[in-house]
There are 2 protein chains.
Amino acid sequence: MLNTGDCQTHFVHQKTIDRVKESIPKEENLYDLADFFKMFGDTSRIKILKALSISELCVCDLSELLNISQSAMSHQLRTLRQVNLVKFRKQGKIAFYSLKDDHVKQILDIGIQHIEEAL
Amino acid sequence: MLNTGDCQTHFVHQKTIDRVKESIPKEENLYDLADFFKMFGDTSRIKILKALSISELCVCDLSELLNISQSAMSHQLRTLRQVNLVKFRKQGKIAFYSLKDDHVKQILDIGIQHIEEAL
DNA sequence: TTTATATATGATCACTTGTTCATATGTTAA
DNA sequence: TTAACATATGAACAAGTGATCATATATAAA
């Protein structure tokens, strides 16, 4: 069936649609929201975030821990910084990364809970 | 710098690494977890999930609401079903979709909160 | 200043992903 | 049965993503 832009049926529940429409975040925020959640959609980043939820770690520690290259790790940390998930402090040559706030931990825990319940 | 597999420095914090290592989810669960979180990383799916957190909706309603084709909607709903985020009941020709559990709503709310705080 | 090292970044490429088009399936009414 | 419609699915393609390689920057020690 080709898309005609709308349904050709009396089964469209217009009132419900109108009511629901109000709850949808503004278009401008949707992209930020998606970018934020994208960070959790990669196994490497999940490991990074979970690790940082336990302790701050330097780039070198993280590469060692995940067994990925320093370059790959640095790239990942950059994207995590860009969406405000992690912050870092510099101590000489070393950059210590940590979580920016508690949201990450909360989300990870809910996700883990979800997976466990689905078994 | 080429990756040599590990850091050539005394700045590796081995004890911290060992402690943190235990908290990382098992490899087998990491993929499920990533697939679960990936669902939140797309603006169309965020809209779908947010809408369903308010009310159950049929495929037709959802296409109308998001202004995307019925086909695209059906594909999205399929992937959402595969990771146990939504369920549906059939009433004649109509398929009414709804959230499978409360985790989705919780995660969306935390995400929205995160975005708002980052401003 | 020169060397070593910790981290960052740009370019590239294989792989993934979301949409579209075309078509199939399933259900109801005529 | 036939027509209409609600939903599902397969193939294909453009756009996005994560890792790698090469290289750059920054800091500390010699």
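Quick note on labels: first sequence line is chain A, next is B, and so on, each numbered from 1. Heavy atoms only: backbone and side chains are in, while hydrogens, waters and symmetry mates are out.
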I need the CD-P distance between A:Gln70 and C:dT7, as an integer number of Å.
7 Å

Look only at the side chain of B:Lys87 and the backbone of B:Leu99, and say whether a donor-acceptor pair between them is shorter than 3.5 Å.
yes

Calculate the interatomic distance between A:Phe96 atom CZ and C:dA8 atom P; express it in whole Å.
13 Å

Does the plane of the ring in B:Phe37 sit parallel, tilted or perpendicular to the ring in B:Phe40? Use 30° and 60° as the thresholds.
tilted

For B:Leu66 and C:dT20, give me the distance from atom CG to atom P, rounded to whole Å.
12 Å

Round to a whole Å and report the spacing from CZ of B:Phe88 to P of D:dT7.
11 Å

Would you mind reading off the distance between A:Leu77 atom CG and C:dT9 atom C1', rounded to a whole angstrom?
13 Å

Kindly assign one of parallel, tilted or perpendicular to the pair B:His103 and A:His114, based on the angle between their ring planes and the thresholds 30° and 60°.
perpendicular

Nearest to the A:Arg78 side chain among D:dT7, D:dT9, C:dG10, which nucleotide is it?
C:dG10

Which whole-number value in Å describes the distance from B:Gln91 CD to D:dA6 C1'?
13 Å

How would nucleotides 13-20 of chain D be written as a contact map, 5' to 3', with B for base contact, S for sugar-phosphate-only contact and - for no contact, using protein heavy atoms under 4.0 Å?
----SSSB

So if I take every side-chain heavy atom of A:Ser74 and compare against C:dA8, C:dA6, D:dA8, which nucleotide ends up nearest?
C:dA8

Proximal nucleotide (of D:dT27, C:dT9, C:dT7) relative to the A:Ile94 side chain:
C:dT7

Atom-to-atom span, NZ of B:Lys90 to P of D:dA6 - whole angstrom
12 Å

In this structure, NZ of B:Lys47 is separated from CG of B:Leu65 (nearest 0.5 Å) by 8.0 Å

Tell me every residue that passes side chain to side chain donor-acceptor pair (under 3.5 Å) with A:Asp109, counting only those two or more places apart in sequence or in another chain.
none

Does a donor on one side chain and an acceptor on the other come within less than 3.5 Å for B:Gln76 and B:Arg78?
no

Rounded distance in Å - CZ (A:Phe37) to P (C:dT17)
18 Å

B:Ala34: side-chain contact (heavy atoms from CB on, under 4.5 Å) partners, not counting sequence neighbours
A:Thr43, A:Ile46

When you check the phosphate oxygens OP1 and OP2 of D:dA8, does a side-chain N or O of B:Tyr97 lie under 4.0 Å from one of them?
yes

